[in-house]
Amino acid sequence: MGFSDYSINFFKRNYSTLITAPLTFIILFGLGLTGGFFISTWYFAGQIETLKTHLDYSKDRLVVKEEQLNEYRQRELRLNIRKTSLTELTNSELRDLKFPRFSGHGERILLL
């Protein structure tokens with residue numbers, strides 16, 4: 001029995017009371033809706049503010065990481081180190097790469 005079935009049965013059982021005092025029902029129903037709206041607005045405003053703060057912090061960290069990446073690229077150019085294909089990849093491209101797995105028992109993989 002869902003909420004809508006419960007509501008319908010409630011109104012059927014209390015129909016005579018609702019007919020005798022419709023104005024009271026309308027006022028209380030409106031107050032309930034208004035109160036629910038303001039409480040949910042207050043609650044979700046806090047949730048949204050928390051998420052916005054987290055998003056701003058993540059954006060700031062991303063900017064710092066991009067600056068760090070650019071600094072590493074500049075160092076690499078200054079040191080005149082041999083360029084490889086890995087040094088030119090972005091963070092997301094590096095994350096998408098599939099590297100071969102090894103068991104860790106003395107095996108070594110040399111990436112050129």
Seminar exercise, completed: Checking Phe29, Phe25, Tyr6 against Phe11 for ring-ring contact (aromatic ring centres under 6.0 Å, His included), the one that qualifies is Phe25
Problem set entry | Ring geometry between Tyr57 and His54 (parallel below 30°, tilted from 30 to 60°, perpendicular above 60°) | tilted
For this session: Find out if a path of hydrophobic residues (ILVMFWY) with successive side-chain heavy-atom gaps under 4.5 Å connects Ile39 to Leu31.
Result: no
Exercise. Can you get from Ile26 to Leu18 by hopping between Ile, Leu, Val, Met, Phe, Trp and Tyr side chains that sit under 4.5 Å apart?
Worked result: yes
Problem set entry | Minimum side-chain heavy-atom gap Val64-Asp60 below 4.5 Å | no
Exercise. Rounded to the nearest 0.5 Å, how far does CD1 of Ile8 lie from CZ of Arg13?
Worked result: 12.0 Å
Exercise. When you look at Gln47 and Thr50, which way does the side chain to side chain contact (heavy atoms under 4.5 Å, CB included) test go after all the steps?
Worked result: CA-CA 5 Å; Gln47 295 292 322; Thr50 300; 5.6 Å; no
Exercise. Looking at Trp42, Phe38, Phe44, which hits side-chain contact (heavy atoms from CB on, under 4.5 Å) with Ser40?
Worked result: Phe44
Exercise. Taking atom CD of Gln68 and atom CZ of Arg73, what is their separation to the nearest 0.5 Å?
Worked result: 12.0 Å
Exercise. Out of curiosity, Tyr72 OH to Lys65 NZ, how far, rounded to the nearest 0.5 Å?
Worked result: 7.5 Å
Exercise. How long is the gap from OH on Tyr43 to CD1 on Ile48, to the nearest 0.5 Å?
Worked result: 11.0 Å
Problem set entry | Lys52 side chain reached by Leu55 side chain, heavy atoms, under 4.5 Å | no
Exercise. How many angstroms lie between atom CG of Leu23 and atom CG of Leu28, to the nearest 0.5 angstrom?
Worked result: 9.5 Å
